[in-house]
Amino acid sequence: MTGTFGRYGGQYVPEALMPALTELKGAYEQYVLENADGFMDEFHERMRSFGGRPTPLQRADALSDRYDTDVYLKREDLVHGGAHKLTNALGQVLLAKYMGKERIIAETGAGQHGTATAMAAAHLDMPCEIYMGRTDTNRQRPNVFRMRLNDATVTPVDVGRGTLKEAISEAMRDWAQSVETTHYVIGSVVGPHPFPKLVREFQSVISEESRRQIRDRTGSLPTSVVACAGGGSNAMGSFTTFLNDDVALHAVEAGGESLTVDADAGVAPNSATLQTGSEGVLHGARTRVLQDEHGQIMASHSVSAGLDYAGVGPELAHLVDAGRVSAHTVDDETALAGVHRLSQTEGIIPALETAHAVGWLEEATESQLGEQIVLTVSGRGDKDLETVLEESTRRNIPETPDMDVFDPPANGGTDA
Amino acid sequence: MEEPMHNSAITAAFDTGPAFVPYLTAGDPTFEASLEYVQALERGGASVIELGLPFSEPIAEGKTIQNAISRSLEGGMTPVRFFKFLEQLDVTVPLVCMTYYNLIYQYGTHDGPRPFVERAATAGLDGIIVPDLPAEEAGPLHSACQSHGLDLITIVAPTTTTDRLERLVSLCSGYLYVQARLGVTGARSDVSEQTAASLDRLTDIELPVAVGFGISSGEHARTVIESGADGVIVGSALVEIIGEGHRAGDSPDMVAQRLEAKSREITTAITKLQQQP
């Protein structure tokens with residue numbers, strides 16, 4: 001049993017890492033599934049007191065009016081650190097501690113998983129090193145500062161396009177060297193078994209809470225649940241507890257600039273792995289990936305760094321193939337408009353990742369929306385402010401606010 | 001359990017004394033120059049040659065080979081061209097392809113590793129090494145290799161447990177690849193203590209044992225053979241010669257001469273040594 005989901009999953013890693021995966025699988029079964037030594041009790045208590053769980057389920061009145069349905073927001077942006085990512089990071093750092101590991105490494109794209117891991121490591125007193133693509137360190141500077149403030153080492157990765165996939169590869173190389181003392185806190189439901197199950201298990205608290213909250217509040221289950229999907233931890237967390245219910249599940253991917261592919265340049269100007277990817281092996285798992293005809297992994301694109309990944313979690317890919325989850329894409333512009341709409345009408349500035357789910361409401365049919373919809377606000381948008389303003393202005397997004405409140409720049413510069 | 005194939009050309013290459021097994025990334029930095037470089041390795045005394053088919057996400061490689069892979073991909077290397085490369089290569093020693101599983105899996109119009117292995121056999125390849133394919137996932141490739149007479153070479157790591165070792169040996173033919181140390185590929189200035197420990201537990205294995213990861217000089221190579229290995233695998237130290245030549249704008253002939261000289265250094269250091277029983 002190597003941890004497969006239909007055709008997907010498995011353990012495609014160097015032999016050197018296999019004993020560590022076997023050890024991790026044992027720890028997952030013992031501590032996470034069986035609550036040995038009260039592990040899960042400690043995890044839940046720390047997520048309450050340190051992490052701010054449970055998060056609220058809030059009715060979005062303006063969106064409900066706009067779409068003539070009941071829209072509820074699962075407020076993962078209110079988790080400590082500003083995104084759902086802490087739940088997985090804290091779970092894994094705590095697990096590493098129970099396993100007797102001495103050091104934590106992680107990769108990060110948008111910087112949300114990196115900041116969450118750095119916070120969890122500081123909280124639990126573990127040394128921590130974060131790998132982050134150079135492109136991402138530049139477009140997510142505030143998150144780099146936050147990780148450094150939490151005393152994590154941030155190591156930029158210069159290979160390739162310098163985004164999430166290069167950061168994951170580099171973290172795996174570190175782990176191949178340090179595996180005996182180090183735990184690799186993977187940031188999504190991707191990678192070799194048991195990571196997809198382990199991360200899903202921690203994040204499924206999102207849907208455990210929202211399912212209970214919506215029933216307490218309305219007495220019924222929602223018609224549909226909507227979540228953005230990059231690697232898929234937010235989507236799997238938002239969906240898992242609803243899998244056996246009569247509830248439609250919608251995963252919204254980044255359509256980027258276009259769904260077409262430039263095979264010669266090795267570039268897919270999107271991150272729509274579920275929609276346009278094909279079966280392949282990437283970062284330890286067989287799943288859907290963006291690749292050229294030869295099997296080389298393509299550079300993906302999204303205005304949202306957190307969705308910008310050429311692979312996707314194997315379980316989510318399987319659920320889409322099986323017809324249980326519907327996959328959709330929302331392009332950069334619709335997502336940017338979604339940021340402004342949620343900010344202006346609900347007073348919530350969402351992360352660009354979340355904004356893809358918000359944008360989808362605009363494009364969904366009446367029957368897809370249904371009578372009651374739960375949308376996971378995966379994170380808050382503070383980290384994206386510069387990108388949102390620059391990209392909105394460049395693209396003339398009509399909802400963009402006027403930013404002419406600053407003094408005009410002084411004549412001439414002081415730079416030599 | 002099926003018997004491993006001991007009649008392979010690769011295994012036979014270890015019969016005449018300690019083996020030198022160099023690695024280069026095929027197509028680094030160009031198709032034509034790379035052909036010359038591989039031929040230079042044979043002139044320098046290579047017993048078996050490992051050729052990297054470059055993949056965009058080489059998670060087991062250090063910086064030196066990552067750079068070689070980038071140069072080769074920029075030079076237009078693809079799996080299709082790799083087989084043409086093999087066919088144009090004028091060498092007589094056995095050839096092994098080292099690549100990642102996605103390229104093997106995607107080749108041809110059918111899913112799975114068979115089309116790749118079938119084409120590899122007609123192109124004259126003798127064996128395959130896949131760093132991201134542990135025993136758990138190796139079944140389909142192993143059976144394709146057996147049907148087409150190719151050796152599947154498995155990698156034993158310092159972290160490999162005894163029960164895993166048995167499974168890896170049962171899948172393996174050609175030679176057993178012993179990873180000398182944890183981490184990624186890359187030249188080092190010393191020989192790992194892990195190497196001797198790894199070799200100690202392999203004394204009963206019938207297959208030849210070749211050690212790789214970090215061997216960069218004749219002196220290293222001699223130490224490894226004296227510790228009981230049947231062969232040494234040298235990659236990054238050779239690839240770096242190509243990298244330096246490329247950066248300096250040296251002619252392919254000059255680079256080929258340096259590769260031959262480096263190969264000769266290692267071959268000379270190990271040739272006169274008797275293999276330990």
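Just so we're clear, the structure is a prediction, and the values are computed from it rather than from any experiment. Order of the sequence lines fixes the chain letters, A, B, ..., with proteins taken first and strands second; residue numbering starts at 1 for each chain. Computed over heavy atoms, backbone and side chain alike; hydrogens, waters and symmetry mates excluded.
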Under a 4.0 Å threshold between the charged nitrogen and the carboxylate oxygen, would [Y] count as salt-bridged to [X]?
| X | Y | value |
| --- | --- | --- |
| A/R288 | A/E279 | no |
| A/E29 | A/K25 | yes |
| A/K165 | A/D308 | no |

* Checking A/Q291 against chain B: side chain, backbone, both or neither under 4.5 Å from a heavy atom? ->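 Only the side chain of A/Q291 comes within 4.5 Å of chain B.
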* Contact part of A/L282 toward chain B, heavy-atom cut-off under 4.5 Å: side chain, backbone, both or neither? ->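 Answer is side chain: those atoms of A/L282 sit under 4.5 Å from chain B.
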Residue among [options] with most heavy-atom pairs under 4.5 Å to chain A:
| options | value |
| --- | --- |
| B/P158, B/A157, B/S56 | B/S56 |
| B/D132, B/L168, B/L73 | B/D132 |
| B/V130, B/L103, B/V184 | B/L103 |

* Let me see the working for B/T160 and B/R201 under side chain to side chain contact (heavy atoms under 4.5 Å, CB included), right down to the final yes or no. => CA-CA 11 Å; B/T160 298; B/R201 58 180 183 157; 3.8 Å; yes
* Asked: Yes or no on side chain to side chain contact (heavy atoms under 4.5 Å, CB included) for A/T276 and A/L290, after CA distance, side-chain angles and deciding distance?
  -> CA-CA 7 Å; A/T276 66; A/L290 300 177; 3.5 Å; yes
* To do: State which residues pass side-chain hydrogen bond (donor to acceptor under 3.5 Å, both in side chains) with A/T260; sequence neighbours excluded, sorted by chain then number.
  =>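 Residues passing side-chain hydrogen bond (donor to acceptor under 3.5 Å, both in side chains) with A/T260: A/S258.
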* Please name all residues satisfying side-chain hydrogen bond (donor to acceptor under 3.5 Å, both in side chains) with B/R164, sequence neighbours left out, ordered by chain then number. =>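 Checked B/R164 against side-chain hydrogen bond (donor to acceptor under 3.5 Å, both in side chains); matches are A/E15, B/E136.
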* **Top contributor to chain B interface from A/H283, A/R286, A/E166, A/E293 [non-hydrogen pairs under 4.5 Å]** =>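 Of the options given, most contacts go to A/R286.
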* **Set of residues satisfying side chain to side chain contact (heavy atoms under 4.5 Å, CB included) with respect to B/R119, sequence neighbours excluded** =>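 In terms of side chain to side chain contact (heavy atoms under 4.5 Å, CB included), with neighbours along the sequence ignored, B/R119 is linked to B/F83, B/E87, B/Y107, B/T122, B/A123.
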* Can you check whether A/E253 reaches A/Q275 side chain to side chain, under 4.5 Å on heavy atoms? ->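 A side-chain contact exists here, since the closest heavy-atom pair is under 4.5 Å.
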* Output the residues of residues 173-183 of chain A for which the shortest heavy-atom distance to chain B is under 4.5 Å, in residue-number order; output 'none' if no such residue exists. =>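 Within residues 173-183 of chain A, the residues under 4.5 Å from chain B are A/R173, A/A176, A/Q177, A/V179, A/E180.
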* Relative to chain A, which segment of B/P54 carries a heavy atom at a distance below 4.5 Å: side chain, backbone, both, or neither? ->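 When you check distances to chain A, only backbone atoms of B/P54 fall under 4.5 Å.
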